[in-house]
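Data first, discussion second: the structure below is written as structure tokens.
Any value given below was found using the heavy atoms of this structure, including those in side chains, with hydrogens, waters and symmetry copies removed.
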Amino acid sequence: MLPVVINGAHGEGGGALLRTALAMSALTQQSLRVNNVRGAMRRKGLNPEDLTFLQVLSASCGADATGHELDVTTLVFEPRHAPRKVDASFDVSSHVEGTVPGSAIVIAESLLPVLSRSGAYSRLTLSGESHGSGTLGYDAWERATLAVHREQGVAVFPSLDRAGFGYGSRGQVTVEFEPSVPSALEWPERGELRSLRAVLTLADVSPDVGTRGAKRLSQIFSERGHEIDVTVSEVRSRTPGVSVTLWAEFERGRGSGTALGQRGLRMELVVDQAVRNFDEWFKSPATVDSFLADQILPIAALSEGKTVYTTPVVTRRLVTMAWVIKQFMPVHITVKGEEGYPGTVTVER
């Protein structure tokens with residue numbers, strides 16, 4: 001059978017396209033060829049995060065991979081069997097010396113559709129960034145993303161062994177993937193607010209930082225007429241760090257917002273940024289935030305029945321992932337709404 005051929009510069013043209021294509025190849029046992037890997041990015045070709053993701057997929061599917069090297073722009077991936085369990089450790093920094101970018105959380109989330117279908121428990125220890133800026137962090141993943149996946153019938157159990165704050169950091173997470181049967185999710189409207197929470201994740205900072213952050217959050221939401229449950233979590237890390245994550249649960253909706261602290265930036269300003277990021281979704285009527293909108297899409301495509309949810313912003317990443325999934329399987333995915341504006345996603349098999 002001829003491989004599915006993907007132009008790595010299509011649409012979003014980056015990591016989301018590549019990881020989605022590889023996951024779908026593993027799930028459907030269809031060979032894949034990706035030309036112009038990360039072709040829309042400033043730096044093209046495979047990076048250490050991609051190579052780590054490929055390592056785990058290859059171990060699960062007994063895959064042959066051609067072009068499995070740093071900066072390579074053409075990749076061939078040939079799975080030899082359906083996904084099987086994996087019990088091993090993988091480190092993003094093993095692929096190159098020095099400061100190595102790569103999110104352990106992004107890797108774990110991207111593997112979830114595959115390992116949840118392996119028929120047995122998988123256990124991974126992943127080393128890399130755990131709390132970042134502009135990317136999925138551990139707290140949002142554990143509290144919001146995995147909560148939605150549980151609503152989709154998929155169970156994953158993470159633990160933070162060591163935090164890694166920001167670019168090139170060396171955090172470590174252990175993740176157990178339970179064999180699961182995904183189910184459809186109908187969230188056209190989110191209903192009433194059930195809970196509003198936040199976590200301040202801190203490592204090696206002044207004791208008053210957490211107190212000040214919690215006070216600022218309580219002040220902001222008290223003025224809005226909301227009570228917010230704030231947890232201060234002190235964690236192990238090789239370097240000092242601060243991360244603020246808010247999330248909310250509605251009857252039929254979840255969403256989050258995060259900000260990462262920087263040297264010299266007051267805690268109150270980090271909190272304010274996290275609230276602004278959270279408000280993009282929270283102040284809209286959408287049932288999931290714009291990042292969750294694409295994170296739950298692969299599971300929705302594997303589910304029997306009809307999934308419906310709304311997003312405050314239709315992103316290019318979401319549209320690209322929908323296009324990639326349809327190259328591998330006969331599934332109806334409709335994204336109603338223009339890029340950059342609110343939209344509704346419908347998935348039906």
Side-chain angles (χ1 to χ4, degrees), residues 14-16 18-20 22-23 26-27 46-61 63 65 68 70 77 83-118 120-147 149 154-180 201 203 233 235-239 241 243 245 258 260 291 295 298-299:
L18 178 64
R19 292 187 298 272
T20 304
L22 286 166
L27 284 162
L46 292 171
N47 66 24
E49 185 177 276
D50 302 329
L51 293 179
T52 306
F53 182 64
L54 267 167
Q55 276 187 319
V56 186
L57 275 189
S58 296
S60 178
C61 301
H68 195 155
L70 195 66
F77 183 79
R84 297 176 183 171
K85 71 173 185 177
V86 180
D87 189 344
S89 298
F90 299 87
D91 189 341
V92 172
S93 68
S94 66
H95 303 288
V96 62
E97 296 181 357
T99 301
V100 182
S103 170
I105 309 306
V106 168
I107 293 169
E109 169 63 18
S110 302
L111 288 167
L112 187 149
V114 178
L115 295 183
S116 67
R117 302 293 288 164
S118 69
Y121 277 90
S122 288
R123 187 175 189 273
L124 296 181
T125 299
L126 297 168
S127 297
E129 180 182 311
S130 68
H131 294 76
S133 179
T135 189
L136 180 62
Y138 179 85
D139 298 316
W141 188 56
E142 180 189 27
R143 269 79 170 193
T145 305
L146 294 185
H149 287 325
V154 176
V156 175
F157 307 96
S159 61
L160 182 65
D161 306 324
R162 182 180 66 244
F165 296 93
Y167 183 92
S169 58
R170 297 291 306 282
Q172 181 176 290
V173 297
T174 299
V175 187
E176 293 186 357
F177 301 82
E178 182 178 291
S180 306
T201 300
S233 176
V235 298
R236 294 176 56 237
S237 176
R238 294 182 175 181
T239 57
S243 176
T245 298
T258 297
L260 191 69
F291 295 97
Q295 290 158 9
I299 298 296

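With hydrogens and angles ignored, the 3.5 Å screen pairs no side-chain donor or acceptor of Thr245 with any backbone N or O of Thr258. Between the Ser169 side chain and the Gly171 main chain, no donor and acceptor come within less than 3.5 Å of each other. Judged by distance alone, with hydrogens and angles left aside, the side-chain atoms of Ser60 form no donor-acceptor pair with the main-chain N or O of Val56 at under 3.5 Å. Looking at Ser118, its side chain does come within 3.5 Å of a backbone N or O of Leu115 through a donor-acceptor pair.
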Go through the steps for Ile105 and Glu129 under the test side chain to side chain contact (heavy atoms under 4.5 Å, CB included), then give the verdict. CA-CA 7 Å; Ile105 309 306; Glu129 180 182 311; over 6 Å; no
What verdict does the side chain to side chain contact (heavy atoms under 4.5 Å, CB included) test give for Asp50 and Leu22, after you've listed the backbone C-alpha separation in whole Å, the side-chain angles of each residue and the deciding distance to 0.1 Å? CA-CA 10 Å; Asp50 302 329; Leu22 286 166; over 6 Å; no
Evaluate the side chain to side chain contact (heavy atoms under 4.5 Å, CB included) criterion for residues Leu160 and Asp139: first the C-alpha distance (whole Å), next the side-chain angles of each, then the deciding distance (0.1 Å), finally the verdict. CA-CA 9 Å; Leu160 182 65; Asp139 298 316; 5.6 Å; no
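Put simply, the side chain of Leu57 reaches to within 4.5 Å of the side chain of Phe77, judged on heavy atoms. Proximity of Val86 to Leu111: side-chain heavy atoms (C-beta onward) are nowhere separated by under 4.5 Å. Residues Phe291 and Leu136 fail the side-chain proximity criterion, which asks for heavy atoms closer than 4.5 Å. The side-chain heavy atoms of Val173 and Pro158, taken from C-beta on, include no pair separated by under 4.5 Å. Using a 4.5 Å heavy-atom cutoff, the side chains of Trp141 and Val156 are in contact.
Residues forming a side-chain hydrogen bond (donor to acceptor under 3.5 Å, both in side chains) with Ser110 (at least two apart in sequence, or on another chain): Arg19. With sequence neighbours excluded, the residues forming a side-chain contact (heavy atoms from CB on, under 4.5 Å) with Ala120 are Lys85, listed by chain and number. Every side-chain contact (heavy atoms from CB on, under 4.5 Å) that Glu176 has, sequence neighbours left out, goes to Arg123, Phe157. For Phe165, the ring-ring contact (aromatic ring centres under 6.0 Å, His included) criterion is met by His131, not counting sequence neighbours. Gln172 pairs by the side-chain contact (heavy atoms from CB on, under 4.5 Å) definition with Thr125, Ser127, Asp161, Arg162, not counting sequence neighbours. The salt bridge (Lys or Arg N to Asp or Glu O under 4.0 Å) check on Arg117 picks up nothing, with sequence neighbours excluded.
Closest of all the heavy-atom pairs between Ser130 and Gly164 is OG-N, 2.8 Å. Residue Ala108 comes nearest to Val175 through the heavy atom pair CB-CG2, 4.3 Å, listed as atom of the first residue, atom of the second, then distance. The two residues Val92 and Pro101 come nearest to each other via the heavy atoms CG1-O, 3.5 Å. Among all heavy-atom pairs drawn from Pro48 and Leu70, the shortest one is CD-CD1, 3.5 Å. Ser180 and Ala155 make their closest contact through OG-N, 3.4 Å (heavy atoms, listed as atom of the first residue, atom of the second, distance).
A distance of 6.0 Å separates OG of Ser122 from CG of Leu124, quoted to the nearest 0.5 Å. Asp87 contributes atom CG, which lies 11.5 Å from atom CZ of Phe177 (distance to the nearest 0.5 angstrom). Separating the CG atom in Leu112 from the OG1 atom in Thr145 is a distance of 10.0 Å, to the nearest 0.5 Å. Atom-to-atom distance recorded for Ser58:OG and His68:NE2 is 5.5 Å, nearest 0.5 angstrom.
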